[in-house]
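Atoms within a ligand are numbered from 1 in the order they appear, just like the ligands themselves. Basis for what follows: all heavy atoms, side chains included, without hydrogens, waters or symmetry-related copies. Treat the numbers as computed from the prediction; the structure is a model and nothing was measured.
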Amino acid sequence: MPSRISDSMRGHPVYFQHKQLDLNLVKELPDSHAWTTSLKDEYPCGGHLCNLETVPVVDLAAKNAQELLGHACKTWGVFQVKNHGISKNLLDKIESTGKRLFSLPMHQKLKASRSPDGVSGYGVPRISSFFPKLMWSEGFTIVGSPLEHARQLWPHDYNKFCDVIQEYEKEMRKLAGKLMWLILGSLGITEADLEWAGPEGSFEGGCAALQLNSYPACPEPDRAMGLAPHTDSSILTILHQNNTSGLQVLRNGTRWVTVPPLPGALVVNIGDLLHILSNGLCPSVLHRAIVNRTQHRLSVAYLYGPPSSVKISPLQKLVDQGHPPLYRPVTWSEYLRTKAKHFDKALSLVRLCAPLYGFGDTNDHNSVTVG
Ligand SMILES: C=C1C[C@]23C[C@H]1CC[C@H]2[C@@]12CCC[C@@](C)(C(=O)O1)[C@H]2[C@@H]3C(=O)O
Ligand SMILES: O=C(O)CCC(=O)C(=O)O
Ligand SMILES: [Fe+2]
């Protein structure tokens, strides 16, 4: 049984028959990319512009930051953070690195293609096989060292790419750890409650994936989908988006709310593993990316997870007679394999029982409510 996340797709390879289209050159929306429901008709507000409430913004330097984070996690499963300590210089660098990568000629990018049963590399979104139409985006996933792929992309100049990726991952890891402990702290969990977190909660051996997403300007944005609705399998994901909006989160199972780019802020969304750890108290939010007619959009997602073979289950402190454990123990590796095979059914497949009325799970789109 694979225990490294880079091996977790082995059992469920994804093969694509189509030739990879260069979306940057296409002038008309091809049928392969035309989604049947127009995003305009999907919800009364047309998917944009009718935002009654907005995703919380938390200033990490504020005195009550922990309380605000806890509230945002329980009620939204997503928030933006300011004063997070990541320099503007590093955010600019990762953005230009992403641009440099996606603006390479297609034949060059294809040299670093993700293999059908692999995790790392260039390609269409991994979840593409679950949808009848293709998405208007290209992605590059990094798990472990980017060196091999960087060599294929820039044989004479691969260090530049690797250095930026390494620096970004190092800083993201620190921030993700800090956010995780603040969020767990807001639920009354301390480092002593998570034995696998290592000395002083250092979380050594924690795994992560870096996902660079590129959404070229699209000739018919209302009929195209940048990245289809999904939840992340992580504990939490930290997302940097360039100055073009496109990210939307599903609110109360009914309304897509746009998460606008705020200069210098980062988006944080709760992933399925924190949903499990918190016994459903923190919902993993369903999100998607839409595209637009004129601007190229770029996003960089850092998916933070536990060591890949640690069993994750609802935290003891959050479980009692009135709140039985809702999920069975699962490692990140196992969960990724379940997700690769069953996609949006993954969370309900590790579920033990239906949620109790009024307890958490407010956004659990996969849940089956009984009674
Ligand atoms: C460690 C991970 C987590 C993955 C798979 C693997 C590498 C890339 C991640 C994403 C990133 C894009 C959305 C997603 C849904 C996808 O298709 O690839 C994610 C998926 C997951 O969160 O399940
Ligand atoms: O591009 C975005 O805003 C969303 C990206 C995302 O959801 C992901 O990479 O998992
Ligand atoms: Fe995501």
Side-chain angles (χ1 to χ4, degrees), residues 2 4-10 12 14 55 77-78 80 95 98 102 114-115 117-131 135-144 169 206-216 225-250 256-261 265-275 284-292 295-308 330-347:
R4 295 187 321 169
I5 61 174
S6 48
D7 294 332
S8 44
M9 309 299 172
R10 289 272 143 84
H12 308 286
V14 179
V55 168
V78 60
Q80 304 216 50
E95 206 178 301
F102 291 112
R114 189 191 306 128
S115 69
D117 61 356
V119 176
S120 294
Y122 172 78
V124 298
R126 169 108 212 160
I127 55 175
S128 300
S129 57
F130 295 97
F131 296 90
M135 298 172 214
W136 196 265
S137 64
E138 46 185 343
F140 191 83
T141 313
I142 301 166
V143 171
E169 285 183 337
C207 289
L210 194 68
Q211 173 74 24
L212 300 145
N213 301 300
S214 165
Y215 307 91
M225 179 65 77
L227 188 57
H230 67 278
T231 59
D232 293 345
S233 307
S234 51
I235 286 181
L236 55 83
T237 298
I238 305 175
L239 184 99
H240 167 64
Q241 42 180 346
N242 73 350
N243 60 4
T244 303
S245 73
L247 175 64
Q248 296 185 325
V249 298
L250 191 64
W256 288 104
V257 173
T258 298
V259 188
L266 291 163
V267 183
V268 179
N269 64 272
I270 301 305
D272 295 339
L273 293 191
L274 189 49
H275 181 115
S284 51
V285 72
L286 192 68
H287 55 284
R288 69 179 187 184
I290 60 168
V291 292
N292 75 86
Q295 277 165 306
H296 175 251
R297 177 165 183 272
L298 190 104
S299 73
V300 183
Y302 178 82
L303 294 100
Y304 182 64
S308 60
V330 64
T331 66
W332 196 15
S333 250
E334 285 161 6
Y335 191 73
L336 284 172
R337 275 187 303 131
T338 308
K339 188 102 162 201
K341 187 170 178 197
H342 302 283
F343 184 45
D344 59 343
K345 310 284 181 298
L347 202 50

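Closest protein heavy atom to atom 8 (C) of ligand 1: Thr141 CG2, 3.6 Å. Ranking the protein heavy atoms by distance from atom 19 (C) of ligand 1 puts Leu303 CD2, 4.3 Å first. For atom 22 (O) of ligand 1, the nearest protein heavy atom (residue, atom name, distance) is Ser233 N, 2.7 Å. The protein heavy atom nearest to atom 6 (C) of ligand 2 is Leu227 CD2, 3.4 Å. Shortest contact from atom 13 (C) of ligand 1 to any protein heavy atom: His230 NE2, 3.7 Å. Here the protein heavy atom with the shortest distance to atom 5 (C) of ligand 1 is Met9 CE, 3.7 Å. Gln211 OE1, 4.4 Å is the protein heavy atom nearest to atom 10 (C) of ligand 1. Closest to atom 18 (O) of ligand 1, if we only count protein heavy atoms, is Arg126 CB, 4.2 Å. In this structure, the protein non-hydrogen atom closest to atom 5 (C) of ligand 2 is Asn213 ND2, 3.4 Å.
For Val119, every heavy-atom contact with ligand 1 shorter than 4.0 Å involves the side chain, none the backbone. With a 4.0 Å heavy-atom cut-off, ligand 2 is reached by no atom of Thr237. Residue-level proximity to ligand 1 for Leu336 is carried by the side chain, the only part with a heavy atom below 4.0 angstrom. Residue Leu239 touches ligand 2 through its side chain alone, judged by heavy-atom distances below 4.0 Å.
In summary, the side chains of Glu138 and Tyr122 do present a donor paired with an acceptor at a separation below 3.5 Å, with no hydrogens or angles considered. Side-chain N/O atoms of His296 and Thr244 include no donor and acceptor closer than 3.5 Å.
Looking at Arg297, Gln241, His287, it is Arg297 that brings a heavy atom closest to atom 3 (O) of ligand 2.
One finds an angle of 90° at the Fe ion (ligand 3) between OD1 on Asp232 and NE2 on His287, to the nearest 10 degrees.
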